[in-house]
Number of protein chains: 2
Amino acid sequence: MFCEVFYHRLYSNSRIFVSRKNIKWLSNFSLFDKILVMEKTMLLRKNPLFSNLNDDDMISLQEICRDRDVPKGELLFSEGDLAEGFFIVASGRVKVYKLSPEGKERILHIVHPGGAFAEAAIFGDGLYPAYAEPIAASRLLFFPKKTFLDLLHTRSQMAINMIGGLSRFLRQFASQIEELTFKDVPARLAGYLLELAGDDDTVELPVSKSQLASNLGTVSETLSRTLRKLSEENCIEVSGKTIRILDPDLLADLAESYKE
Amino acid sequence: MFCEVFYHRLYSNSRIFVSRKNIKWLSNFSLFDKILVMEKTMLLRKNPLFSNLNDDDMISLQEICRDRDVPKGELLFSEGDLAEGFFIVASGRVKVYKLSPEGKERILHIVHPGGAFAEAAIFGDGLYPAYAEPIAASRLLFFPKKTFLDLLHTRSQMAINMIGGLSRFLRQFASQIEELTFKDVPARLAGYLLELAGDDDTVELPVSKSQLASNLGTVSETLSRTLRKLSEENCIEVSGKTIRILDPDLLADLAESYKE
DNA sequence: CAACGGCTTTGAGCCAAATCAAGAAACGGG
DNA sequence: CCCGTTTCTTGATTTGGCTCAAAGCCGTTG
């Protein structure tokens, strides 16, 4: 549920990129299969683990993963089980939870499509740290531990790409959070406008205002008020989706101001 | 600035772990140098990139890094420069910033001891994406790009350990944020108490209440009020640092409730 | 034991922003 | 061009939690 907010902004500008080599490989498949492979690639790229992988990596990855359709309510693994691999959710929802001594369940998180779970168990002690169970009929990609680790050992560049993807994501994520936690709505809006404007002095909003509001972590009413306030201060000029920046310096000051 | 809040909780239980092998290696050094190596290990473990590395990895890592003492204000690199390596801050503070077309600087973030910067440039296109400049006399560890990548290629297990550390950190970080963003103080407090209690029904707070307040992302006044409110609901019983849990079910409900 | 300083608790007030409710504008299809 | 629907704006109200200020509660130390 919370992923939506942040992940949306982080991933909204991800591109589909298919190299010649990939196309050649794809030609071994029927059209239908090709579409499946591309779909899977797009899905995998949604995850920070794989966001930075090139086409070759993607192909190797898809060669080792197994599809699993699971019905709602089927226990995937239990806490303490030996971890045989990890999962990516392709569709549906999976809940990951622990059980209290009295048998009450405590949900750790709900995994949405594109999300991974049990991936830490692969790198750690090798035991699943919780229970997992789909809360809707779901399609999962399963990556067997040994095969996956062998692949990483064989193709060290792929591991390096994964490190790169993770650390870049971490950086973006952290700054996203910092904005949300330490800056008020005007500051966030100002930052957004400046970034979007670049060197220009007019911006065209690429999304609806209510969508923008949600991207900025607020609601449409508040966004509307904030836009009006900035207009009244002769800082910007709003007409529909077109915004003209009248006072970039003031805007920049605003964008850097922390609430305290 | 914001790191303090989250990082504190994430790292507060990191341990120092020295294997026999490490000690043997260490015996090649004078006592003074040994202390330096251990200090550096502790520093590096603070960073998610290296948090999961074993002693061997740490040794290799420290063999390839160079110490650099830099005075306040010295430009470390500029946007667009070819990235020759990345940095870890050992002491001091470094600001990373961009320049707007009009020459106004826009600070992206301030890096504190334990933090890395320019690490993404190593894995990406190879150009520094911003400017970096110490805002206080600082000690930095510099990891040359080529040497570092070669090391990762040679020792694929080390790369895998890094992936593990990063993804574990990401997981913790995300759930931390989720708590902070989507749960109110009572829910966060309830979650904290339950986790601390385990199977027991009394908890002994390991830190002062004001410290706890800051760990939960609030202030002592609010924590105090929240504790009283929960007491009045006969959910817990507070006396000094000892808290007895009267109604674990209610507490669990509270901990899982999202604000909406 | 009295004075001091560090925590903790209480109360009062304030503020940003969410929510609720209701118009106004824009849009799109027939 | 009109009418229904969505999107946007505006106002009123509510709220969680922070700040400020003052007082209570210790343990310490001279």
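Naming convention: chains lettered A, B, ... in sequence-line order (proteins, then strands); numbering from 1 in each chain.
Using a distance-only test at 3.5 Å, with no hydrogens or angles considered, no donor-acceptor pair links the side chain of A:Ser231 to the main chain of A:Lys229. Panel note: side chain B:Lys209, backbone B:Gly240; a donor-acceptor pair is recorded below 3.5 Å.
Using cut-offs of 30° and 60° for the angle between ring planes, the A:Tyr258 and A:Phe182 rings count as tilted.
Between B:Leu216 atom CG and D:dC18 atom P there is a gap of 11 Å when expressed in whole angstrom units. Rounded to an integer number of Å, the gap from A:Arg188 CZ to C:dA16 P is 13 Å. If you measure from atom CZ of A:Phe182 to atom C1' of C:dA16, you get 16 Å, rounded to the nearest angstrom. Straight-line distance from the CG atom of B:Leu180 to the C1' atom of D:dC18: 14 Å, rounded to whole Å. As a whole-Å value, the separation of A:Leu227 CG from C:dA25 P is 17 Å. Atom-to-atom, CG of B:Leu223 to C1' of C:dC7 comes out at 12 Å; the value is rounded to the nearest Å. Distance, A:Leu205 CG to D:dC8 P: 10 Å, rounded to whole Å. Look at NZ on A:Lys241: it is 12 Å from C1' on D:dT6, rounded to the nearest Å.
A:Arg228 comes within 4.0 angstrom of sugar-phosphate atoms only, judged by non-hydrogen atoms across all strands, and of no base.
When each of B:Arg225 and A:Thr218 is assigned the nucleotide of DNA chain C with its nearest heavy atom, B:Arg225 is the one assigned upstream, toward the 5' end.
The listed nucleotides are C:dT19, C:dA17, D:dC18; the one nearest the side chain of B:Val219 is D:dC18. Relative to the side chain of A:Glu221, the nucleotides C:dA17, D:dC20, C:dC20 differ in distance, and C:dC20 lies closest.
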With salt bridge (Lys or Arg N to Asp or Glu O under 4.0 Å) as the criterion, how do A:Glu133 and A:Lys72 come out once you've worked through the C-alpha distance, each side chain's angles and the decisive distance to 0.1 Å? CA-CA 8 Å; A:Glu133 177 190 316; A:Lys72 173 178 173 176; over 6 Å; no
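The phosphate of D:dC8 (OP1 or OP2) has no side-chain N or O of A:Ser224 nearer than 4.0 angstrom. For D:dT7, neither phosphate oxygen OP1 nor OP2 lies less than 4.0 angstrom from any side-chain nitrogen or oxygen of A:Ser208. Here A:Ser210 reaches the OP1 or OP2 of D:dC8: one of its side-chain N or O atoms lies under 4.0 Å away. Taking 4.0 angstrom as the limit, B:Lys209 places a side-chain polar atom (N or O) nearer than this to OP1 or OP2 of C:dT9.
Distance OG/B:Ser167 to CG/A:Asn47: 9.5 Å, rounded to 0.5 Å.
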